[in-house]
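What follows is a single structure, written as structure tokens, with notes after it.
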Amino acid sequence: MKSFLRLMLAGLILTVTTERAMAGDDLEEKIKAMAETNAKSYMRPLVSGFGVAMNSGIFRSPETHSVLGFDFQLVIASAFAPKSEETYTPVLPPGYTSGKASTAIGPKSKTVFTGIGGDIELPGGAGVPGGASGFFVAPQLTVGVPFKTDVILRYVPAVSAGKVGKVGLFGLGAKHNLNQWIPLPIPLDLAAGVFYQKLSIGDVFKASAKSFDVLGGKSFNLLILKIGVYGGVGVESSSMDVKYEAASGVKDENGNDIGGQTVEFSQSGKNSMRGIVGANVRLMWLFNVNGELGFGKYKSATLGVGLTLR
């Protein structure tokens, strides 16, 4: 069990280090080279992608557990942004001709704008393939309680992740069976779920996400295998709080030097709704593997592996 917990903890730290690597291992340094307006545009695909990844793989099936039945899984999720999110139009001081610059996932090359106040250099992105914009790994515990309801927990206490600082995760929600409230028998299992989570990454980034999903699906018993398929619709939101000190020489949209000043803002993710489809395979009523795809402005792919006892 200790080894499994260490694996999950390593997964969470990997989440953070991967997210930083997507912007060239120095995301914090890159946003310090920008004023608030351009930093928001630069971060936009990471905020949205990370929120989508956080909201993925939570419910995994419309079935609920028996009382005190449980599953314990490692959830691995990736999000993918549309190509339009690879660039943005920066806001520049008067006397500069604007153009396109890279977001955090866009081309690696820097963009230089020349004007009456001297050159303004904006950082390049990570040049990631396929619009990859968010990667998230988390441990998840689901426990059955009365009234055909599951309580769901994601939790990792704040731990040191090297130069990133301390990283911590907390998420809590529930899934409830809907069939019990429908007076007629129907051939599908139906459920609704709600979840909230927050993630802190050092002193610079703090992310939160909310989701509400309605699922329908069916399971089939095949000797030592149980296979389930499901689909659904989710309403979601996410945000990230960012706080940093602007580097020397950084200018805002009015041409004022804000070097050394604290920049602080909160930004919301773009995804508001998405469809999901997924499948579960349970071997010998104990080992469970889940795969899920999400379809919205940002797409997602999720894998879950772990133990279950229903």
Side-chain angles (χ1 to χ4, degrees), residues 48 51-73 75 77 79 136 138-155 169-199 208-220 226-239 268-282 288-304 306 308-310:
S48 298
V52 169
M54 287 178 70
N55 280 328
S56 297
I58 298 170
F59 304 110
R60 301 196 301 272
S61 168
E63 289 186 294
T64 54
H65 294 72
S66 58
V67 176
L68 298 184
F70 70 92
D71 67 54
F72 193 39
Q73 288 207 325
V75 180
F136 183 71
Q140 179 171 313
L141 174 65
T142 303
V143 179
V145 297
F147 309 110
K148 295 186 178 181
T149 299
D150 286 345
V151 174
I152 306 166
L153 174 70
R154 288 178 175 177
Y155 176 69
L169 169 69
F170 175 79
L172 184 65
K175 181 175 66 177
H176 184 69
N177 173 273
L178 299 178
N179 296 73
Q180 60 187 313
W181 305 111
I182 301 174
L184 298 175
I186 58 175
L188 296 175
D189 294 310
L190 299 176
V194 62
F195 200 76
Y196 169 79
Q197 57 194 317
K198 59 182 180 180
L199 173 70
S208 64
K210 302 174 185 176
S211 64
F212 174 76
D213 289 21
V214 177
L215 305 174
K218 188 71 175 178
S219 295
F220 307 92
K226 184 174 183 179
I227 299 175
V229 293
Y230 64 93
V233 177
V235 178
E236 64 183 352
S237 64
S238 62
S239 66
S268 297
K270 282 194 167 185
N271 254 39
S272 58
M273 291 189 69
R274 62 172 163 165
I276 55 175
V277 294
N280 295 283
V281 177
R282 196 184 316 158
N288 193 74
V289 178
N290 165 254
E292 182 180 291
L293 298 175
F295 303 92
K297 183 175 181 63
Y298 281 60
K299 297 178 173 59
S300 64
T302 308
L303 174 67
T308 185
L309 180 64
R310 292 193 175 261

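Residue numbers count from 1 along this sequence.
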Polar side-chain atom of Arg154 near backbone of Met54 as donor-acceptor pair, under 3.5 Å: yes

Taking every non-hydrogen atom, the tightest pair across Ala279 and Tyr230: N-CE2, 3.6 Å

Would you give the length of the straight line joining atom CG of Leu303 to atom CG of Asn290, rounded to the nearest 0.5 angstrom? 7.5 Å

Measuring from atom CD of Gln197 to atom CD1 of Ile152, what distance do you get when rounded to the nearest 0.5 angstrom? 10.5 Å

Value for OG (Ser219) from CZ (Arg282), rounded to nearest 0.5 Å, stands at 7.0 Å

For the side chain of Asn55 and the backbone of Lys210, is there at least one donor-acceptor N/O pair under 3.5 Å apart? yes

Working to the nearest 0.5 Å, report the span between CD1 of Ile276 and CZ of Phe295. 10.5 Å

Does Asp150 use its side chain to pair, donor to acceptor, with the backbone of His65 at less than 3.5 Å? yes

Flag side-chain contact, heavy atom, 4.5 Å: Phe72 against Thr142: no

Would the distance check show the side chain of Ser300 and the main-chain N or O of Val52 forming a donor-acceptor pair, the cut-off being under 3.5 Å? no

Could you tell me whether a side-chain N or O of Glu292 sits under 3.5 Å from a main-chain N or O of Thr302, the two making a donor and an acceptor? no

For Tyr155 versus Pro139, what's the shortest heavy-atom pair and its separation? O-CG, 3.8 Å

Separation between CG (Asn280) and NZ (Lys226), nearest 0.5 Å, reads 9.5 Å

Answer yes or no: is there a donor N or O on one side and an acceptor on the other, between the side chain of Glu236 and the main chain of Gly51, under 3.5 Å? no

Under the 3.5 angstrom rule, does the side chain of Asn177 hit a backbone N or O of Thr64 as a donor-acceptor pair? no

Is a side-chain N or O of Asp71 found less than 3.5 angstrom from the main chain of Gly306, in a donor-acceptor match? no

Counting only N and O atoms by type, is there a donor-acceptor contact under 3.5 Å from the side chain of Asn179 to the main-chain atoms of Pro187? no

Spacing of NE2 belonging to His176 relative to OG1 belonging to Thr149, to within rounding of 0.5 Å: 4.5 Å

Do other residues, nucleotides or ligands put more than 12 heavy atoms under 6.0 Å from the NZ atom of Lys299? no

Minimum-distance pair of heavy atoms, taken over all atoms of Gly234 and Asp213: CA-OD1, 3.3 Å

Side chain of Lys175, backbone of Ile58: donor and acceptor closer than 3.5 Å? no

Check the pair Tyr196, Val194 against side-chain contact (heavy atoms from CB on, under 4.5 Å), reporting the backbone distance first and the verdict last. CA-CA 7 Å; Tyr196 169 79; Val194 62; over 6 Å; no

Tell me the closest heavy-atom pair linking Leu199 and Leu169, and the distance in Å. CD1-CB, 4.0 Å

Can you establish whether the number of heavy atoms outside Leu68 located under 6.0 Å from its atom CG is more than 12? no

Contact summary for Ser56 and Ala77, nearest pair of heavy atoms: CB-CB, 3.9 Å

Give the minimum heavy-atom separation between Ser48 and Tyr298, together with the two atoms involved. CB-CZ, 3.4 Å

With distance as the sole criterion, is a donor-acceptor pair present between the side chains of Arg274 and Ser211 under 3.5 Å? no

